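For reference, the structure discussed in these notes is given below.
Whatever order the structure lists them in is the order used to number ligands and atoms, beginning at 1. Just so you know, these numbers come straight off a predicted model, no measurement behind them. Numbering starts at 1 and runs along the sequence shown.
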Amino acid sequence: MTDAAPSGPTGDVTDRATTGFLHRYGEQPAGRWAAPGRVNLIGEHTDYNDGFVLPFVLPLRTVVAAAPQDGPRWTVWSELADSPVEFGVDEVAGPGRVTGWGAYVAGVIWALRDAGHDVPGARLAIASDVPIGSGLSSSAALEAAVLAALVDLGGLDLPAERRPRLAQRAENAYVGSPTGIMDQSAVIRCRPGQALFLDCRTEAVEHIPFDLAAAGLAVLVIDSRATHRHSDGEYAARRASCEQAAELLGVPALRDVPVAGLDEALGRLDQALGRPDDETRRRVRHVVTENQRVLDTVELLRAGRIRDIGPLLTASHASMRDDFEITVPEIDIAVEAALAAGAYGARMTGGGFGGCVLALIDADRADAVAAAVTAAYPKHTYPPPNFHQTT
Ligand code: GLA
């Protein structure tokens, strides 16, 4: 196992973007812009509830090599696609006019133009080590790298702290996924060796020390290879159910229910619905307790007690499995096997219904834990998982 090994095309990702640009367009790019994949340490489905999240970035990147071209025209080549996509002002005039992977690029251009920016025409070449569909935010990495390229090429006035909302708007309104602000914030605002404590209501950030190597620890990222089954509809359903609960409780968002007020809030929910609704109660309980787990994790990390966050990670997983109901069998198997092999804590990370598990382990245990997880996967039922180790 190598650190955060790419599973797609090989060779340095920046070189691939550069040579891709050269071959495709017959000239050198004006520059290269990159954004990383992310893992969320804890705080799942809290972002669109105005709550707290704690992501950190992986040493896996999406790189965009780009140069200006005349007129409002954009040509986009990707190493993962058979042919480039091209679009002009008509395609970026309104949501949904470009579909597939090109929509993330068109969406960024649309959102920039909609915000009044004079977006330069450009040629782009994209290469990426962030696996697609694994819950490591390949889409946010693509949006952020394209955004950085266009902002620099056009000399646009858009400081880093204002970019996540714009990239999120591209994804929500143009691509049509109702995601929160976490992924774009993580890939734009995280710093290496630190986790990003983000208040999703105010967008205030604090960079929290997360020096795994110094503590002799590592995070093993286990790609379950279950690729987000039914994720779009289920994600939207979870979001709708949280928003409805907040409305019934008369609060702007579930973030406004403190863990100490949970029982009282659940009682009020029953009253408002005229009956106990077990499913809605469990959805609310997940969000409220998950926000508290983020705060508790931050406290421990501030005190340098990385190992001690393990039980919070595992409790987060149980809450996603039992209360929010967003895990799948491959994911639960990976979590249990990692814990049985000595992980301090383990949980699914990301939107759910597949994607990745993270396990906090002693750095020298990565191979043993990976082997235990692979052995626990029922053969012939699921493809074997992939692993990325990060310190
Ligand atoms: C996906 C979304 C995020 C967030 C997570 C769940 O990654 O893009 O906005 O809601 O799911 O925490």
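Side-chain atoms of Thr374 come within 3.5 Å of backbone atoms of Ala370 as a donor-acceptor pair (strictly under, hydrogens ignored). One N or O on the side chain of Asp47 and one on the backbone of Ile181 form a donor-acceptor pair closer than 3.5 Å. Here the side chain of Ser128 pairs a donor or acceptor atom with the backbone of Val130 at under 3.5 angstrom.
Considering backbone and side-chain N/O of Thr46, none are found under 3.5 Å from N/O of ligand 1. Considering both main-chain and side-chain atoms, Tyr48 never comes within under 3.5 Å of ligand 1 through any nitrogen or oxygen pair. Remark: ligand 1 and Asn40 share no N or O pair separated by less than 3.5 Å (distance only, no angle test).
Annotation for Thr349 and Leu358: closest pair CB-CD2, 4.0 Å, computed over non-hydrogen atoms.
For ligand 1, the atoms closer than 4.0 angstrom to any heavy atom of Gly180 are 9 (O). If you number the atoms of ligand 1 from 1 as listed, the ones under 4.0 Å from a heavy atom of Met182 come out as 4 (C), 5 (C), 12 (O). If you number the atoms of ligand 1 from 1 as listed, the ones under 4.0 Å from a heavy atom of Thr179 come out as 2 (C), 8 (O), 9 (O).
The shortest heavy-atom distance from Arg38 to ligand 1 is under 4.0 Å.
In terms of protein heavy atoms, atom 9 (O) of ligand 1 is closest to Asp47 OD2, 2.5 Å. The nearest protein atom to atom 11 (O) of ligand 1, hydrogens excluded, is given as Gly351 CA, 3.2 Å; this is a heavy-atom distance. The protein non-hydrogen atom at the shortest distance from atom 10 (O) of ligand 1 is Tyr235 OH, 2.6 Å. The closest protein non-hydrogen atom to atom 8 (O) of ligand 1 is Asp183 OD2, 2.6 Å.
Ring centers of Tyr235 and Tyr48: under 6.0 Å apart, within the cut-off.
Of the N and O atoms on the side chains of Arg293 and Thr289, at least one donor lies less than 3.5 Å from an acceptor on the other residue. No donor-acceptor contact under 3.5 angstrom links the side chains of Ser319 and Glu290, judged on distance only.
The aromatic rings of Tyr382 and Tyr377 sit perpendicular, their planes meeting at an angle over 60°, well past the 30° parallel limit.
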